[in-house]
Q: 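The structure's right below; bear with me while I get my questions together.
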Amino acid sequence: MNDKMINFKIDGIPVTAKKGESIIEAARRVGAYIPTMCYLPKTTPNASCRMCSVEVKGQNGFVLSCNTPPVEGIEVITDSEELYKERQNIMKMYNVNHPLQCGVCDKSGECDLQNKTLDFGLNEQTFAVRDQARKKKKWGVHTYDPGLCIMCEKCTAVCNEVIGAEALYIKPGGYKSEIDINMKNCIECGECIAVCPVGALASTDFKYTANAWELNKVPSSCAHCSSACSLYYESKGESIDNVTEKIYRVTNDADFTTLCAAGRFGYDYENFVASKDSQAFQKAVDTFKDAKNVYFNSMITNEEALVLQKLKEKLGFNLVNEEAKNFQKFMNAFASTAGESLYNATHSDLKTSDFIICLGSAVASDNPMVKYSIAKAVNHKKAYVSYIHPVKDDDIRNLVTQYIKNEVGSEEAALAMIANSFIEDKSSQEEFFDSLDLGYLSGESNIALEEIELLKHFSKRKKAFTIIIGEDVINHPESENIARIVGLLQKESEFKVLVIPPQTNTLGVSQICELDEAVEGLSIGYNVKADFTLSAKGNGDLDMPALNQQEGTFVNIDKDLVSLNAGVKYSGYELNDIACALGLETENVIEYTPELGFGEITFDDLPNSIDPSGNITRGIKIESKTNTENALVEPVEDLDEFNGTVVYSCNPLDQFNVFTEDCKQIVEKKSAGNYELIASKQFATAAGLKPGSVVTFSVNGQEFVRKLKVDKNMTGTVAFNPNFDLDMISSEYRYNQVKLKVENE
Amino acid sequence: MSKVYFSTWNGEHINNVGKPEEEWEESAYNLPATYDDHRDSKAFIGWDGVALFKEDVDVIRLAMEYAAQYQEYSEACGRCAPGRWGGRILYDQLDKIARGEGAVADMDHLKEVSKSMQMTSKCEIGKTVPNPILDLMTHFEDVFMDCIDNQKKSIHYDSDVSYIAKITAPCTDACPAHVDIPAYIEGVRDLKLDESLRATRQTMPLAHTCGRVCPHPCEDACRRTNLDEPIAIMELKRIGADYETDHGFGFFHPGKGKKKKSIGKKVAVIGSGPAGLTTAYYLAMDGIDVDVYEELPVLGGEVTVGVPEYRMPWEKYQQDIEAVKDLGVNFILNHRVTVDEMREFETSYDATMIASGTRISKAVRCDNERPEMQGYWGAIDFLDWVNLYEKFNIKTPASVQEQQMLPSDHVDLTGKTVVCVGGGFTSMDVVRCSIRAGAKRAVMIYRRDEKTIIRNTTYEEYHEAVEEGVEFIFHSAVNTINDEDDVIKSLLIDKFELVPDPDGGRAQLVKIEGASETIEADYLIPAVSQSADLEFLPEEWELDMTSWATIKTNGKDYMTSRKGIFASGDCEYGPMTIVNAVGQAKRGASVISRYVQSGEVTLSDDEIMEDHLRKMKVYDKKEKVTGWLAGVPRAHSEVLDVDIRKYNNEEVNFGFTQEQSISEAERCMRCYYIAMVAN
């Protein structure tokens, strides 16, 4: 490959192109406009629309700018009479038999076809083709109208390259060609809807409900997982009679960013409160004064977390969030060997990795964006992906190169084996490495030494390493020692480390709050059931705004401080009102943003923009602090055996918490698989269960009643037990031995 | 040269309209005026023009049917705006004129949409479909206008005329296996690597192999060469295969990817090399039960025991073989078929394919050449023992150890000087294996020059050998072997020079007197050529043989002079490439498949067209390519450092990175063409 920069000209402007850059990318970078219909910057070019053809001085014919890199010294001309004419003809062709139904089409007002038809001054149609019958199709959350489809292939490209689902495909057939779907592979993420430039792929739910120009667009961050993706809430008043604004849909800058189904469809969890309940409010204020414990979870903004911390300091209650506390402990132990306080990888590192290990996460449902980043790495970097987990996930087989099955509980052993294999200089932890009995570790974890050798072997020619560390490890009984091994990997090996914070703002909360163990006595719960409950679900003692009704910030997995804006109004009391009543004088909670300890930036100054090349500036990066502890990693503890019936706390795709629980479009999805214990046939047989059996069991003191669903793609003896419907977020190791009691037999 | 009524093929202008047939001017090209032995063609229409062989061709319908074919070939169209809509507009407008409903403005619209297609289509197919249509509209405007003005149907609009069309591409045409190269490259570009592999396996089951060690004749016919450098066609083939293997998927077989149920027919295949595997694969795909007989203890023929591990890792070739096994083919190892068995096969099987290769190394033809001498070692036998040990840990037997003076149970040449006579792939394998086996010196004796050795092998192969320390002595030949007590000690090497023929003929090699030299040598390994071992053929069959002592067929259906007995690969053609064996066997399998069901030996229309096109040659190296930016460099994959690879057998070529794959795939101009014959 040619590593040197290439100098050339676009419309007379000198441009220097970077390695791998196409003409159109360079053009966009310098602000030269080249029209396109099929170009999607985040995927490899489809080259189907041909609109981006340009001229090159001295060369005959047009050159396609989207998939051609520039050559030294060329002079590109982006517009000419001939180019205009041909582009106009392409638009004319696109309009052949395109139904003239803009009046009722959802896309009207934001349709590329509509826009460019006008741009290119098409006043008459000289081409004609006998029309053909085309059937509309409903595919779950999406509706496809082939009559509107221009076959730009953006949808198939994202489904394959970005999501890694490979559900949509092109059904070829010349003029009859259309998009088709393999519904079995579809996860109904809606990414295809987002990138469709016309009205062909539309949201089944949104269809015919609003016009693009009526909607108010509010930029915010998704509140469902720690990727906290950038999104827009689009809202309007429901009707003339009811002007209360409601979110109609969620959109994103789909040319550059991506959302999962929870982000795109799980927006209707706002807490509608008609008026302020001053009685309940007063009770809340009084309870705070007497409370011994305040429970909360990490589905909270940094600012509100700081309010709780300040109240704790003022009132002396114990601030309890076990999940965030576990994460704190994990990160502290991590820092003690890593030499710095934070893990060093981000999504963009992951996307550009060519060697990935994912350990301790059911990544597809834990954090879909991490899965998508792996998909990008696989598609664009041919990444070698090793997925180390006790349960094989057949749905990500196209992404995984090497599945390593480890015994439940043996994550520490697995990491020790990896560290031993990938850390060259073992001098800083000689004792630890000397203590490793690889044969024993292999036996206990059931990971063959050959599997690790193979892993090492395939890392040989790789250049960018990332290890993903999931919740299984953070909430592991040996969590702290595991964290020290992970820290060591960051410091001493080629791996960059990406830890997945288990909840949306776990990382932020863990940086802001001093967390305690609970004590006996009166308790307040914020979105957690307690003696007095503050609830954004609307089922507590005092209503609170949901996260799509608040301003504030999160710290996401990328360690970016990103902002939330209210998509819908909230008319009740909020935490800051309580704090004010208790003597913390701040009018708006976002005034706390500069006090979070992440830099003195104010909420309103947090940047949120994308340039034409897709460079995203969103929030500010929080700094990793140096740590000089140099702690020693302890020898790997003997493993507890997990025998018999084991359930794994793992949510179905797109269900994350009590807020996604009721979102209409998520509930309706086939993949949501609500409230079911999902297991292999082997599990069912071993436990003497039939599909549909209702079983009761207890996990860490929590009683569950679940219906058994047998998934024929699953293998092994671990069943998935969802826990999104619990208001107390789990902070225990995700695997549990349980006794199943059959109810309906 | 063909007699034509009218032709615009490849820029020629032959118009015999109004002339009596005896005075017709001939076309300069080898056009398919006769389709096969029982059909004459009326017209030939393609990317580069149109030729009419008869006077009464309905030119409007011909144009319309050609446009219709473009609609048919879904794999090549419908994927860009000008192609998808433009192609349909062409067809609809032409049909409108042909059925007598056209308007004068339709002619203008046709021209306009044609221009847009020529300027902006994604593939060459979209760019070239309008060419012959415009030719017909220009030269037969009166015919078109007559239908428009009088609102009448074109002359044969309702008649029964058959049209045979085929899609091709210069690379596909030049590939002996006719692999749909643009399709598998598109799969890489689209990041649909399963589809890429499926496209390859339509005609080429050995995707790992021919993605690594093919001499890629396709690249010599790559149109991109006319612009800058050819696409790295071969290397892009392994991307799909590596994907399948790396992710541990099942096998991505072509089509629906499912095995067909047995149709109750049985075929025996002799030899499990590329030709045998290919025959078995496509027969099994048609539901025919196949038994493959292999003489060696390992499967795969010469690719296994001939091609070294560092070029073709067994682990990868095994995947290709597993794909064949996956279709239910039965392999019988360690079984050398006997004359009696061959006789018996005629009744126990519905057909037999002989694919036994050429496994006898030919002599160098020098003085004192005696195979019983120690140090005289045929290339095939030499490579057998190297590869059996390196790939399967099969040790060299004591008899060979003794004969070849080996210090241990494998080919260890530490401190020895190896001289190989050759110039082709086999000889390259010999010298490079010798380096890896510790030889002090590895010398290649070659009659011709550097340029020719590169042409006979590949640029990479030659340069890698030089890097590894192989010495090449060009324009040379062995004159005499010097021995002491039947042990080779040295060789007398003659030197030659190329003397141009004063009459302008081919230059002659003339010995330079007094320039001969003696070089020390422990081994002389002849790798000049191989011949077929056909002792298992019953004499009474009296199979026709070629002058090279290989089995003779007509090169089209691959049946020998005895009905039901077929032959393909090196035992038919003589020592040639893997891809040649695959191509022959694929065709052979197709013929056998029909033969076992109908008893007839036939070629399909598609295959006949394939042969016509091959004869015409699709690639035109003089064509000026437009619409692409020249100078976009070809990707080169990283190779194992020479100081490491000299001492081991690891695969030398790392293959492309994903970025390289995509950017290389994006250089492909998708030069699909449609050719159609009316008869």
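All of these numbers come straight from a predicted model, not from anything done at the bench. In what follows, chains carry the letters A, B, and so on, assigned in the order in which the sequence lines appear, proteins first and then strands, with residues in each chain numbered from 1.
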Q: How close do Cys49(A) and Pro82(B) get, counting heavy atoms only, and between which atoms?
A: O-CD, 4.3 Å
Q: Let me confirm one number: the CD-NZ distance from Glu86(A) to Lys115(B), rounded to the nearest 0.5 Å.
A: 5.0 Å
Q: So Lys624(B) and Asn60(A), side chain to side chain contact (heavy atoms under 4.5 Å, CB included) or not? Walk me through it.
A: CA-CA 10 Å; Lys624(B) 193 173 169 346; Asn60(A) 289 324; 3.6 Å; yes
Q: Counting only heavy atoms not in Glu72(A), do more than 12 sit closer than 6.0 Å to its CD atom?
A: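 Counting other residues, nucleotides and ligands, CD of Glu72(A) exceeds 12 neighbours.
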Q: Output all residues satisfying side chain to side chain contact (heavy atoms under 4.5 Å, CB included) with Asn97(A), sequence neighbours left out; order by chain, then residue number.
A: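 Testing Asn97(A) for side chain to side chain contact (heavy atoms under 4.5 Å, CB included), a comparison that skips the adjacent residues, returns Val129(A), Asp131(A), Tyr175(A).
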Q: Which residues pass the side chain to side chain donor-acceptor pair (under 3.5 Å) test with Lys376(A), not counting sequence neighbours?
A: none
Q: Take atom NZ in Lys176(A); do more than 12 heavy atoms of anything else shown fall under 6.0 Å from it?
A: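 No, because the 6.0 Å sphere around NZ of Lys176(A) holds 12 heavy atoms or fewer from other groups.
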Q: Taking side chain as everything from C-beta outward and backbone as N, CA, C, O, which of these in Leu640(B) sits under 4.5 Å from a heavy atom of chain A? Side chain, backbone, both or neither.
A: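 Answer is side chain: those atoms of Leu640(B) sit under 4.5 Å from chain A.
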Q: Relative to chain A, which segment of Ile239(B) carries a heavy atom at a distance below 4.5 Å: side chain, backbone, both, or neither?
A: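 Just its side chain gets close to chain A.
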Q: Go through Leu191(B), Asp92(B), Val113(B), Thr626(B) and name the one with the most non-hydrogen pairs under 4.5 angstrom from chain A.
A: Leu191(B)
Q: In terms of heavy-atom proximity below 4.5 Å to chain A, should Gln93(B) be classed as side chain, backbone, both, or neither?
A: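 Just its side chain gets close to chain A.
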Q: Checking heavy atoms, do the side chain of Lys96(B), its backbone, both or neither come under 4.5 Å from chain A?
A: neither
Q: Rounded to the nearest 0.5 Å, what separation is found between the SG atom of Cys80(B) and the CE atom of Met151(A)?
A: 11.0 Å
Q: Test side chain to side chain contact (heavy atoms under 4.5 Å, CB included) on Met119(B) and Glu82(A) and set out the steps.
A: CA-CA 10 Å; Met119(B) 291 297 289; Glu82(A) 205 175 3; 3.8 Å; yes
Q: Any chance you could measure Phe8(A), atom CZ, to Leu629(B), atom CG, to the nearest 0.5 Å?
A: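 Atom-to-atom, Phe8(A):CZ and Leu629(B):CG are 9.5 Å apart.
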Q: Which atoms of Ile23(A) come close to chain B, meaning under 4.5 Å heavy atom to heavy atom: side chain ones, backbone ones, both, or neither?
A: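 Contact with chain B is through the side chain of Ile23(A) alone.
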Q: Below 4.5 Å from any heavy atom of chain B, which atoms of Thr44(A) appear? Answer side chain, backbone, both or neither.
A: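 The side chain, not the backbone.
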Q: Is the count of non-hydrogen atoms from other residues, nucleotides or ligands lying under 6.0 Å from Lys9(A) atom NZ greater than 12?
A: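 No, NZ of Lys9(A) has 12 or fewer neighbouring heavy atoms, counting only those of other groups under 6.0 Å.
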Q: Distance-only, no hydrogens or angles: does the Arg79(B) side chain make a donor-acceptor pair with backbone N or O of Pro172(A) under 3.5 Å?
A: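 Not a single qualifying donor-acceptor pair exists.
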Q: What residues form a side chain to side chain donor-acceptor pair (under 3.5 Å) with Thr117(A), not counting sequence neighbours?
A: Asn95(A)
Q: Considering non-hydrogen atoms only, spot the tightest contact between Asn379(A) and Gln658(B) and give its length.
A: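 Asn379(A) and Gln658(B) have their closest heavy atoms at O-NE2, 2.7 Å.
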Q: Start with the C-alpha gap between Tyr94(A) and Trp85(B), add the side-chain angles, then the distance that decides, and say whether ring-ring contact (aromatic ring centres under 6.0 Å, His included) holds.
A: CA-CA 7 Å; Tyr94(A) 273 140; Trp85(B) 278 272; 5.2 Å; yes
Q: Tell me, out of Leu399(A), Asp354(A), Ile74(A), who's got the most heavy-atom pairs with chain B below 4.5 Å.
A: Leu399(A)
Q: Between Ser121(B) and Arg50(A), is any side-chain donor less than 3.5 angstrom from a side-chain acceptor?
A: no
Q: For Gln118(B), which atoms come within 4.5 Å of any heavy atom of chain A: side chain, backbone, both, or neither?
A: neither
Q: Under a 3.5 Å cutoff, is there a donor and acceptor pairing between the side chains of Asn89(A) and Ser116(B)?
A: yes
Q: Could you report the tightest heavy-atom contact between Ser177(A) and Arg84(B), atom names first, then the distance?
A: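 Minimum heavy-atom separation between Ser177(A) and Arg84(B): O-NH2, 2.8 Å.
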Q: CG of Asp246(B) to NZ of Lys382(A): how many Å apart, nearest 0.5 Å?
A: 8.0 Å
Q: What part of Asp95(B) gets closer than 4.5 Å to chain A, counting heavy atoms only: side chain, backbone, both or neither?
A: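 The side chain, not the backbone.
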Q: By the definition side-chain contact (heavy atoms from CB on, under 4.5 Å), identify the one residue from Asn67(A), Thr68(A), Leu64(A) that meets it with Glu666(B).
A: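 Among Asn67(A), Thr68(A), Leu64(A), the one that satisfies the side-chain contact (heavy atoms from CB on, under 4.5 Å) with Glu666(B) is Asn67(A).
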Q: Once you round to the nearest 0.5 Å, how far does CG of Asn398(A) lie from NE2 of His247(B)?
A: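 Reported value, rounded in 0.5 Å steps: 7.5 Å.
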Q: With side chains defined as the heavy atoms from C-beta onward, is the minimum distance between Val63(A) and Trp628(B) less than 4.5 Å?
A: no
Q: Please give me the minimum heavy-atom distance between Ile89(B) and Met93(A), naming the atom from each residue.
A: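 Where Ile89(B) meets Met93(A) most closely, the heavy atoms are CD1-CG, 4.3 Å.
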Q: So which of Glu178(A), Glu166(A), Glu153(A) has the largest heavy-atom pair count under 4.5 angstrom toward chain B?
A: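 Looking at each option in turn, the highest pair count goes to Glu153(A).
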Q: What residues of residues 155-165 of chain A sit under 4.5 Å from chain B when you count only heavy atoms?
A: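 Asn160(A), Glu161(A), listed by number.
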Q: So that I can tick it off, tell me whether Glu101(B) and Arg130(A) are bridged by a salt bridge, with the cut-off set at under 4.0 angstrom between side-chain N and carboxylate O.
A: no
Q: Can you tell me which portion of Asp106(B) sits under 4.5 Å from chain A's heavy atoms? Options are side chain, backbone, both or neither.
A: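 Neither the backbone nor the side chain of Asp106(B) comes within 4.5 Å of chain A.
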Q: When rounded to the nearest 0.5 angstrom, what distance separates CG in Leu227(B) from CD in Gln59(A)?
A: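 The distance works out to 7.0 Å.
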Q: With a 4.5 Å cut-off on heavy-atom pairs, point out which of Ala105(B), Ala630(B), Gly631(B) contacts chain A the most.
A: Ala630(B)
Q: By a 4.5 Å heavy-atom criterion (distance strictly below it), what part of Lys462(A) contacts chain B: side chain, backbone, both, or neither?
A: neither
Q: If I measure from the heavy atoms of chain B, does Lys171(A) come under 4.5 Å with its side chain, its backbone, both, or neither?
A: neither
Q: Closer than 4.0 angstrom, basic N to acidic O: yes or no for Glu659(B) and Lys381(A)?
A: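 Counted as a salt bridge, because a side-chain N and a carboxylate O are separated by less than 4.0 Å.
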Q: Can you tell which part of Pro70(A) gets under 4.5 Å to a heavy atom of chain B, answering side chain, backbone, both or neither?
A: backbone
Q: Which one, Tyr91(B), Tyr243(B), Phe249(B), Phe656(B), leads in non-hydrogen pairs under 4.5 Å with chain A?
A: Phe249(B)
Q: Does any N or O in the side chain of Arg397(A) come within less than 3.5 Å of the main-chain N or O of Gly248(B), such that one atom is a donor and the other an acceptor?
A: yes
Q: Below 4.5 Å from any heavy atom of chain A, which atoms of Arg667(B) appear? Answer side chain, backbone, both or neither.
A: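 The answer is neither part of Arg667(B).
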Q: Given heavy-atom pairs under 4.5 angstrom as the criterion, report whether the side chain, backbone, both or neither of Val56(A) touches chain B.
A: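 Only the side chain of Val56(A) comes within 4.5 Å of chain B.
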Q: Out of Gln402(A), Met51(A), His380(A), return the one with the most heavy atom pairs under 4.5 angstrom to chain B.
A: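 The option with the most such pairs is His380(A).
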